[in-house]
Number of protein chains: 2
Amino acid sequence: MNLDDDLQSCVVHFGEMSGHWGFNRTVGQMLALLIFNEAPLNADQISDMLNISRGNVSMGLKELQSWQLIRTQPVKDDRKTYFTAMGDIWELSMQIAIQRRKREIEPTLTMLRKQMMSPNTQENSYINNKMKESLELLEMVDQSLQQIQHLEPEQIKTLLKLGGQVTKVLELKDKFFKKG
Amino acid sequence: MNLDDDLQSCVVHFGEMSGHWGFNRTVGQMLALLIFNEAPLNADQISDMLNISRGNVSMGLKELQSWQLIRTQPVKDDRKTYFTAMGDIWELSMQIAIQRRKREIEPTLTMLRKQMMSPNTQENSYINNKMKESLELLEMVDQSLQQIQHLEPEQIKTLLKLGGQVTKVLELKDKFFKKG
DNA sequence: TTGAGTTTTCAGAAATTTCTGAAAATATAG
DNA sequence: CTATATTTTCAGAAATTTCTGAAAACTCAA
C-alpha cells in the first residue's frame with residue numbers, strides 16, 4: 001500500500017509535529033490521513049496505509065474522537081465503520097485550540113487561584129507577587145481565547161486578518177476609546 | 001532541604017505542565033524555581049532543592065538558557081555560577097511564545113509551501129485544496145503572532161485586554177473600515 | 001440462536017525519553 | 001604551574017510512552 005507523494009508528505013509531517021499538537025506520532029498520522037484523504041476510511045485501511053497495528057488504530061481513533069476531530073461516516077453495503085475528519089481545517093484547528101486551552105491553561109489557572117486563596121500564603125511576599133502577576137496574565141489570555149472560541153469561523157478569519165496589522169488595531173483603539 | 005508550600009506547589013505544578021510548554025518535567029521544575037525564588041541559585045542548590053542529579057541540572061540549565069528563559073547572575077565572593085529567570089512573567093511568556101511559534105508553526109508552514117511548489121502536485125485535487133486551506137490559515141496565525149511579538153509588553157497588555165471584548169473590536173473594525 | 005465479521009482491550013514487547021553519576025574538561029586562586 | 005573548585009559530558013540505567021497482536025467482546029444477518 002503506497003500513499004501518493006502529497007499525502008505521504010502530509011502524513012509524515014503531521015506525525016513529526018504531533019507531539020506539539022498534543023498527541024503521539026501515529027495518532028498524528030491518522031489525523032492527517034483522515035483530513036487529506038477525500039474518501040472516508042475504515043480501521044483496516046488506516047492500519048494498512050500507515051503500517052500500524054490494528055489495535056493501535058483502534059486506540060488512536062478513540063483518541064481522535066475524544067478530541068472531536070473525527071467522526072464516523074456510514075458507507076452503504078459495508079458493515080465496517082468509516083471515519084472522516086470533522087469539518088474543514090478551520091473548524092479542526094479551532095477544536096484543537098479549545099482542547100489545548102483546557103489542558104494547558106486551565107489547570108495552571110486553577111492551581112494559582114487555589115494557591116492564592118490558601119491561608120498560609122503571606123501577602124506581599126516575593127513569590128506571592130509573582131503568582132499574582134502570573135494569574136493576571138493567564139486570565140487575560142484565557143479570556144481572549146474563550147471569547148474567540150465562541151465566534152463564528154468567519155469572524156475569527158476577520159480577526160486574524162486584522163491581527164496581521166496589529167498596530168493599526170491599537171491606533172484604532174486609541175482614537176476610539178481615548179477621545180470618543 | 002524543604003521548599004516552602006507555595007514554592008513547592010509552583011514547582012510541582014510547573015513540572016507537571018512542562019510537557020505542554022515544551023520541555024521535560026525536571027526542566028520545568030527548574031524554571032519554576034528560578035522564577036519564583038527571589039534569590040538567584042547555583043546548580044548545587046537546584047540539585048539539592050529538587051533532588052535532581054547534578055548532571056541533569058547542568059543539562060537543564062543549558063536548555064533553559066537556549067530558550068533564553070534564564071541568565072547567569074554573578075554573586076560576590078562566590079565562584080559558583082548563579083542563575084535567575086530572565087525578566088518578569090510577561091517577558092518569559094513572550095519568550096516561550098516566540099520559541100513555540102518557531103517550533104510548532106514554522107516547520108509546517110515550510111513543508112506546506114514546499115509541497116505546493118512541487119511539480120507533481122496537481123492543481124485542484126482534493127488534497128491540494130486542503131493544503132491551500134491549511135496554508136492560508138497557518139499564514140494568518142503566523143503573521144499575527146509575529147507582529148504581536150514585536151510589540152512592547154505594554155502594548156501586548158492593551159491588546160489582550162481588548163481581547164476580552166473581541167466582539168467590540170469587530171464592531172469597531174466594521175464602523176471604521178466599512179464606512180470611513 | 002448461531003457464527004462470521006468487526007471492533008476493543010490490554011499484557012507485555014519495543015522504542016523513546018529522561019536521569020544518574022563518575023570521569024573529563026574547564027576555570028581560577030595561590 | 002599546581003591544586004582545588006566548578007562545570008560539562010555522556011554511556012548506560014531507569015522510567016515512561018508507545019505499539020503489537022492475540023484473545024475477548026460486540027454486532028448483526030440469516
Side-chain angles (χ1 to χ4, degrees), chain A residues 1 11-12 14-34 40-67 69-84 103-104, chain B residues 1 11-12 14-34 40-67 69-84 103-104:
Chain A
M1 169 58 71
V11 163
V12 168
F14 266 55
E16 281 166 5
M17 284 293 131
S18 48
H20 293 309
W21 307 109
F23 19 73
N24 70 32
R25 194 169 52 81
T26 48
V27 173
Q29 293 183 344
M30 291 170 53
L31 179 59
L33 199 51
L34 293 174
L41 298 169
N42 66 45
D44 286 325
Q45 292 175 309
I46 296 172
S47 174
D48 281 354
M49 292 168 98
L50 300 179
N51 283 298
I52 291 170
S53 76
R54 188 60 185 67
N56 198 7
V57 169
S58 181
M59 293 188 294
L61 288 171
K62 226 174 89 182
E63 178 165 5
L64 288 171
Q65 283 184 297
S66 85
W67 280 75
L69 292 172
I70 62 173
R71 59 186 172 74
T72 58
Q73 168 90 288
V75 163
K76 211 191 158 196
D77 293 332
D78 196 331
R79 272 172 65 179
K80 290 202 175 70
T81 312
Y82 285 74
F83 295 87
T84 189
R103 295 169 194 226
E104 300 183 20
Chain B
M1 168 58 71
V11 162
V12 168
F14 266 54
E16 280 166 7
M17 284 292 129
S18 47
H20 293 307
W21 307 108
F23 19 75
N24 69 31
R25 192 169 51 83
T26 49
V27 173
Q29 292 182 344
M30 290 169 55
L31 179 59
L33 198 52
L34 293 173
L41 298 169
N42 65 45
D44 286 325
Q45 292 175 309
I46 296 171
S47 173
D48 281 354
M49 292 168 97
L50 300 179
N51 284 297
I52 291 172
S53 77
R54 188 60 184 67
N56 197 9
V57 169
S58 181
M59 294 188 294
L61 288 170
K62 227 175 84 182
E63 178 166 5
L64 288 171
Q65 281 183 299
S66 84
W67 281 75
L69 292 172
I70 63 173
R71 61 186 172 72
T72 58
Q73 168 91 287
V75 163
K76 212 190 156 194
D77 294 331
D78 196 328
R79 275 172 61 179
K80 289 201 175 70
T81 310
Y82 284 74
F83 295 87
T84 188
R103 294 168 195 227
E104 301 183 19

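Residue numbers start from 1 in every chain, and the chains themselves are labelled A, B, ... in the order their sequence lines are given, proteins ahead of strands.
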Exercise. Determine the minimum heavy-atom distance between B/F14 and B/G28, stating which atoms define it.
Key: CB-O, 3.6 Å

Quiz item: With nearest nucleotides of DNA chain D determined for B/N56 and B/N42 from heavy-atom distances, which residue corresponds to the more 5′ nucleotide?
Solution: B/N42

Practice problem: Provide the closest heavy-atom pair for A/V11 versus A/Q29 in the form atom of the first, atom of the second, distance. | Solution: O-CG, 3.5 Å

Self-check item: Separation of B/L31 CG from B/L64 CG (nearest 0.5 Å)
Solution: 5.5 Å

Quiz item: Within this structure, what is the CG-to-C1' distance between A/D44 and C/dT7, rounded to whole angstrom?
Solution: 9 Å

Quiz item: Once you round to the nearest 0.5 Å, how far does CG of B/N56 lie from CG of B/L50?
Solution: 10.0 Å

Quiz item: For DNA chain D, which residues in residues 21-33 of chain B have a heavy atom at a distance below 4.0 Å?
Solution: none

Quiz item: Where is the tightest heavy-atom contact between B/E104 and A/M17, given as atom of each residue plus distance?
Solution: O-SD, 4.3 Å

Quiz item: Would you say the side chain of B/T84 lies within less than 4.5 Å of the side chain of B/L34, judging by non-hydrogen atoms?
Solution: no

Quiz item: Taking B/F83 as the fixed residue, which of B/V57, B/L41, B/T72, B/N42 is the one that meets the side-chain contact (heavy atoms from CB on, under 4.5 Å) rule?
Solution: B/T72

Quiz item: Any idea which heavy atoms bring A/S18 and A/R25 closest together, and the distance?
Solution: OG-CA, 3.3 Å

Exercise. Determine, for A/W21 and B/R103, whether the Lys NZ or Arg CZ falls below 6.0 Å from the six-membered ring centre while staying within 45 degrees of the axis.
Key: no

Quiz item: When the distance from CG of A/D78 to C1' of C/dT7 is rounded to whole Å, what number comes out?
Solution: 14 Å

Quiz item: In the 5'-to-3' direction, what one-character label does each nucleotide of nucleotides 25-30 of chain C receive under the scheme B = base within less than 4.0 Å of a protein heavy atom, S = sugar-phosphate only, - = no such atom?
Solution: --BS--

Quiz item: What are the 5'-most and 3'-most nucleotides of DNA chain D lying under 4.0 Å from any heavy atom of chain B?
Solution: D/dA5 to D/dC10

Quiz item: Of B/V57 and A/F83, whose closest DNA chain C nucleotide lies nearer the 5' terminus?
Solution: A/F83

Exercise. Tell me yes or no: between the side chains of A/N24 and A/T26, is some donor less than 3.5 Å from an acceptor?
Key: yes

